Amino acid sequence: MKTKTIAIEKIIPYASNPRANDLAVDKVAGSIKEYGFRQPIVVDKDMVIVVGHTRHKAARQLGMTEVPVHIMENKTRDQIKAYRLMDNKSNEEASWDDDLL
């Protein structure tokens, strides 16, 4: 996977993002501050966010001017839409092993 660093102002939030993520921004900002940026923001060829809205908001909150991105190329609009849904809903299929916690 290729990533590159770009200016944060070039990234465009997806206007139809149905995910309400404001309550997670502080936690993600804290994680970025503690551990660095470990997952790039995924954007389409037009720099619209595919996944990573919370990371984007957290980076803005931290005053970052550049962030790592992965440009999702060679995918149709339908594939990008399906990936957005999968990325945001796949955690609903997982559970915790309380003994390991």
Side-chain angles (χ1 to χ4, degrees):
M1 173 174 60
K2 294 180 185 177
T3 62
K4 63 186 203 175
T5 302
I6 67 165
I8 198 167
E9 72 265 4
K10 291 185 178 182
I11 298 173
I12 304 163
Y14 177 54
S16 296
N17 181 24
R19 189 80 184 242
N21 59 6
D22 287 341
L23 295 178
V25 173
D26 287 343
K27 286 184 180 180
V28 173
S31 176
I32 292 170
K33 191 173 180 179
E34 177 74 20
Y35 308 111
F37 224 106
R38 298 290 166 213
Q39 293 177 288
I41 296 169
V42 180
V43 297
D44 65 16
K45 63 181 176 52
D46 298 317
M47 294 296 135
V48 175
I49 298 174
V50 176
V51 297
H53 285 86
T54 308
R55 290 187 296 278
H56 181 256
K57 287 180 180 180
R60 284 195 170 279
Q61 179 177 300
L62 292 170
M64 297 177 73
T65 58
E66 295 182 326
V67 292
V69 299
H70 168 70
I71 300 172
M72 191 173 196
E73 299 174 322
N74 303 319
K75 299 296 178 197
T76 66
R77 290 282 169 211
D78 286 342
Q79 288 174 313
I80 290 172
K81 182 178 180 179
Y83 183 70
R84 277 187 175 113
L85 290 171
M86 187 289 306
D87 183 75
N88 282 292
K89 292 193 65 68
S90 61
N91 68 331
E92 295 172 3
E93 302 296 322
S95 61
W96 292 98
D97 182 326
D98 292 331
D99 292 334
L100 291 176
L101 286 174

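Side-chain atoms are counted along with the backbone in the values below, which use heavy atoms only and exclude waters and symmetry mates. Keep in mind the model is a prediction, meaning the values are calculated, not measured.
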Tyr35: which other cluster members, linking ILVMFWY side chains closer than 4.5 Å, directly or transitively? none
Under the side-chain hydrogen bond (donor to acceptor under 3.5 Å, both in side chains) definition, can you give me all pairs with a residue in residues 4-16, not counting sequence neighbours? none
Residues clustered with Met1, ILVMFWY side-chain links under 4.5 angstrom: none
Taking Ser90 for its side chain and Met86 for its backbone only, find out whether a donor-acceptor pair lies under 3.5 Å. yes
Which residues pass the salt bridge (charged side-chain N to carboxylate O under 4.0 Å, His left out) test with Asp22, sequence neighbours left out? Lys57
Using a 4.5 Å cut-off between side-chain heavy atoms of Ile, Leu, Val, Met, Phe, Trp and Tyr, which other residues end up in the same hydrophobic cluster as Met64? Ile6, Ile8, Ile11, Val28, Ile32, Phe37, Ile41, Val43, Met47, Ile49, Leu62, Val67, Val69, Ile71
For Leu23, side-chain contact (heavy atoms from CB on, under 4.5 Å) partners two or more places apart: none
Would you kindly confirm whether Val48 and Met72 end up in one hydrophobic cluster when ILVMFWY residues are joined by side chain heavy atoms under 4.5 Å apart? no
Please give me the minimum heavy-atom distance between His70 and Pro40, naming the atom from each residue. N-CB, 4.0 Å
Looking at residues at least two apart in the chain, or sitting in another chain, which of them share a side-chain hydrogen bond (donor to acceptor under 3.5 Å, both in side chains) with Gln61? Asp26
Non-neighbouring partners of Glu73 that pass side-chain hydrogen bond (donor to acceptor under 3.5 Å, both in side chains), sequence neighbours left out: none
Quick one: list whatever passes side-chain hydrogen bond (donor to acceptor under 3.5 Å, both in side chains) with Asp46, sequence neighbours left out. Arg77
With sequence neighbours excluded, what pairs up with Asn91 under the side-chain contact (heavy atoms from CB on, under 4.5 Å) test? Arg19
Would a distance-only check, ignoring hydrogens and angles, find a side-chain to backbone donor-acceptor pair under 3.5 Å from Asp87 to Tyr83? no
Main-chain N/O of Val51 paired to Arg84 side chain as donor or acceptor, under 3.5 Å: no
Taking only residues two or more places apart in sequence or in another chain, which ones pass side-chain hydrogen bond (donor to acceptor under 3.5 Å, both in side chains) with Asp97? none
For the CD atom of Gln79 and the CG atom of Asp44, what is their distance to the nearest 0.5 Å? 13.0 Å
